[in-house]
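A short write-up of the structure that comes next.
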There are 2 protein chains.
Amino acid sequence: MATLSDVAARAGVSVSAVSRVLSNAPETRVSEETRDRIRRAARDLGYRPNSAGRALRSARSNVVALIVPDLMNALFVELVRGVEDAAIDQDYLVLMGRTEDIEPGGERAHKLLGEGRVDALLLQPGDKPLPLESLGGFANSRPVIRLNSVGEDEPGSATMPDEVGARVATRHLIDLGHERIAFANGISESYTAERRARGFRAAMGAAGITVDEALVTAYGYTPSDGERAAAQLLAATPRPTAIFVANVNAAVGLLAYARKAGVQVPRDLAVVALHDSWTAANTWPPLTTVTMPSYELGRRAFDEVHRRILGEEPSNIRVDDPPPRLIVRESTVPLR
Amino acid sequence: MATLSDVAARAGVSVSAVSRVLSNAPETRVSEETRDRIRRAARDLGYRPNSAGRALRSARSNVVALIVPDLMNALFVELVRGVEDAAIDQDYLVLMGRTEDIEPGGERAHKLLGEGRVDALLLQPGDKPLPLESLGGFANSRPVIRLNSVGEDEPGSATMPDEVGARVATRHLIDLGHERIAFANGISESYTAERRARGFRAAMGAAGITVDEALVTAYGYTPSDGERAAAQLLAATPRPTAIFVANVNAAVGLLAYARKAGVQVPRDLAVVALHDSWTAANTWPPLTTVTMPSYELGRRAFDEVHRRILGEEPSNIRVDDPPPRLIVRESTVPLR
DNA sequence: TTGAAAGCGCTAACAC
DNA sequence: GTGTTAGCGCTTTCAA
């Protein structure tokens, strides 16, 4: 691999001149002619900066870590893409990891966060809150932003319009004539679950419908959580005619359970879920969902940590554009 | 962050002594007593090696890249886990990326592969072959291993027992009494598709059943490829009574199409798919699948690149333990 | 406008 | 058994 001094030799200039030109130092006067010679030499040699040299010198790696609960989750595809797109614009690379990689005190956590490998952390730990202290001091020296997993006022938060999304979904069921509407939410420790509950209750209240607390569950966001919710909700009497599921993965499990229990969706039961993913289009029946601005959350969150890496003041992110949007498929029909 | 010389100062020894002790240099004589002092000082200071310094000095980053087609794909969960588990054992970190990140000549590809950031590449580009030349010379200087995506004899290949898996799946349908068996395969450029086809044909041949070429498709491994396959296969007359789908994601799409077309699985059509994933348990009906040793592939592939990083001779990996195993769910029943 | 040189944290060859 | 030192590739201050 060609180094700076290889380029310098070939261009007949000093390494510092090459460095200034190739790293686009903002305030630097280099004649157009040397500039050209340097650029040409670099191109001829296929020069690429050595990341270790640069990182060592500048105490910055130009890498951020993005941690999500699991990578198999179609929900995070858009988020990841948003972060990556914003990162590459600033010449940054994204190191992806799973929540289990940063289990407090674990060897992976140290390797990932403790060796100067990443300049900042974008964290979406799942529905169980993960305190900053468990990051082994990382949060004291580097920016950490928590993606839709803490309260909107907590420092370093980036949040999505969960409440609006929940309202849109619930409103859809109400518009279809449903009144006996169940709500399969995430666990109550989770901030997203809290916000989604607010949206659900707001929509119900606005329509003058009293929420039957027996029709509200709080098991979580996985398919098996959805099954448990279904088991409980479908046993209620009278049975709900519609369910709003706070997460599309849970909805997949819920649908599977309903099927087994002989409950026909959408004829006997309308189902709408928050978040969209490819799985939603491939369930039977295809799921009506509400999309959330995950891509935007990713972009904005990266931009925020980048600002902070540059030493600017932290500010909290609230993404509400584009707004949650209903995608009607076949799991919801008007109440008979 | 504490550095080596901080530790040295605190322990009252030289940096080289500290380096020798903390990096476990194999052949080094340091008295037990200094060793202890150094370890204690390091612990007190919370010392962690700086990755940039180490990488610059040793021309090695202790990071490997793992590229898969997309991270939303539940298929790769076990593979990723296998690679990560093997990596951490050797003090390595895994940088995950998607095939689109290394689009030839793209900026991300250069940042990822061209700046000395990774010591090796584990590549599973999807079903379209990706020539090594498009890696911008990376393959000339660093180990690259291709995960179940090239022929078994190609240098740097790591392959799964696709043929056996396909045989197990097909055999299952035959055992249930089916004879008019369709095969929804991946695209024909793909080596996995070729191997799966071999397994399918072997099982059919062994049972003395002639393959009806009208019942063989080659669209690919995504849900929409599965839909296309279903559209063609369900239009055949007489209709097949069973389908072996070469990929579980395609099977999800195929199932959705069958549903829409009013074909009842498993009563009218038995479906078995290769690979298992959480989605398979949540389709309707739940899919009968054949698991593949993805976790093992990940582990073995990492171990192989690690050997090569250490300068040992390349060898090809064939994983066949544990062998493919049938998981009977509800999408297959005996022929009426 | 350009160059010389120091030094980021680490390892390893060499000296004692 | 332990210490000294050079140098990996880069950026940046300072001098010319």
Side-chain angles (χ1 to χ4, degrees), chain A residues 1-39 41-42 45-63 91 111 114-117 119 141 309-310, chain B residues 1-39 41-42 45-63 91 111 114-119 141 310:
Chain A
M1 290 231 322
T3 72
L4 262 196
S5 68
D6 294 337
V7 177
R10 185 168 231 264
V13 294
S14 71
V15 287
S16 51
V18 179
S19 171
R20 282 189 285 250
V21 170
L22 295 184
S23 55
N24 301 306
E27 283 301 312
T28 197
R29 275 169 296 272
V30 181
S31 71
E32 264 316 316
E33 198 228 311
T34 12
R35 219 175 261 276
D36 270 5
R37 271 221 313 286
I38 290 172
R39 291 234 180 77
L45 266 50
Y47 171 78
R48 284 255 120 199
N50 175 292
S51 62
R54 192 174 263 190
L56 183 56
R57 173 63 223 222
S58 59
R60 216 172 266 167
S61 63
N62 272 39
V63 176
D91 216 34
K111 274 203 91 58
E115 304 183 353
R117 240 178 266 268
D119 296 342
S141 56
I309 288 168
L310 266 29
Chain B
M1 290 232 321
T3 71
L4 263 195
S5 66
D6 295 336
V7 177
R10 184 170 232 265
V13 295
S14 72
V15 288
S16 55
V18 179
S19 170
R20 284 188 285 247
V21 170
L22 296 183
S23 56
N24 301 307
E27 282 302 312
T28 196
R29 275 168 294 271
V30 180
S31 72
E32 265 316 315
E33 197 229 313
T34 20
R35 220 176 261 277
D36 270 3
R37 272 223 312 288
I38 290 172
R39 290 234 181 78
L45 267 51
Y47 172 78
R48 284 255 120 199
N50 176 291
S51 62
R54 192 174 262 188
L56 181 56
R57 173 63 224 227
S58 60
R60 216 172 265 168
S61 63
N62 273 40
V63 176
D91 216 36
K111 274 202 92 57
E115 305 184 352
R117 240 177 267 269
V118 304
D119 296 342
S141 55
L310 265 29

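Owing to the predicted nature of the structure, the values given are computational and were not obtained by experimental measurement. Note on naming: letters A, B, ... go to the chains in the order of the sequence lines (proteins, then strands), and numbering restarts at 1 for each one.
- The separation between B:Asp36 atom CG and D:dT2 atom P is 12 Å, rounded to whole Å.
- Here A:Ala59 lies out of heavy-atom contact (under 4.0 Å) with every strand.
- Where A:Ser19 and B:Thr34 each meet DNA chain D at their nearest nucleotide, the meeting point lying more 5' is that of B:Thr34.
- Side chain of B:Ser51 to backbone of A:Glu115: a donor-acceptor contact under 3.5 angstrom is found.
- Nearest nucleotide to the B:Leu56 side chain, out of C:dC10, D:dG9, D:dC10: D:dG9.
- In this entry the distance linking CZ of B:Arg117 with C1' of D:dG9 reads 14 Å, nearest Å.
- What separates CZ of B:Arg57 from P of C:dA13 is a distance of 8 Å, to the nearest Å.
- Backbone-only contact: A:Ser31 has heavy atoms under 4.0 Å from sugar-phosphate atoms and none from a base.
- If B:Val13 and B:Ser58 are placed on DNA chain D by their nearest nucleotide, the residue sitting closer to the 5' end is B:Val13.
- If you check every strand for non-hydrogen atoms under 4.0 Å, A:Thr3 touches sugar and phosphate atoms only.
- Here the C1' atom of nucleotide D:dC8 and the CZ atom of B:Arg60 are 14 Å apart, to the nearest Å.
- Put simply, CZ on A:Arg20 is 9 Å from P on C:dT2, counting in whole angstrom units.
- Distance CZ (A:Arg54) to P (C:dG9): 18 Å, rounded to an integer number of Å.
- When heavy atoms are screened at a 4.0 angstrom cut-off, B:Ser5 is found touching no nucleic acid atom at all.
- Counting heavy atoms from C-beta on, the side chains of A:Leu22 and A:Ile38 come closer than 4.5 Å.
- Distance, B:Leu4 CG to C:dC10 P: 4 Å, rounded to whole Å.
- Using a 4.5 Å heavy-atom cutoff, the side chains of B:Arg54 and B:Ser61 are not in contact.
- In this structure, the side chains of A:Val63 and B:Arg117 come closer than 4.5 Å at one or more pairs of heavy atoms.
- Counting only heavy atoms from C-beta on, A:Val30 has its side chain closest to C:dT2 among C:dA4, C:dA12, C:dT2.
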Next on the checklist: Test side-chain contact (heavy atoms from CB on, under 4.5 Å) on A:Arg20 and A:Ser16; report intermediate values, then the result.
Outcome noted: CA-CA 6 Å; A:Arg20 282 189 285 250; A:Ser16 51; 3.7 Å; yes

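- B:Leu22 has its CG atom 14 Å from the P atom of C:dA12, to the nearest Å.
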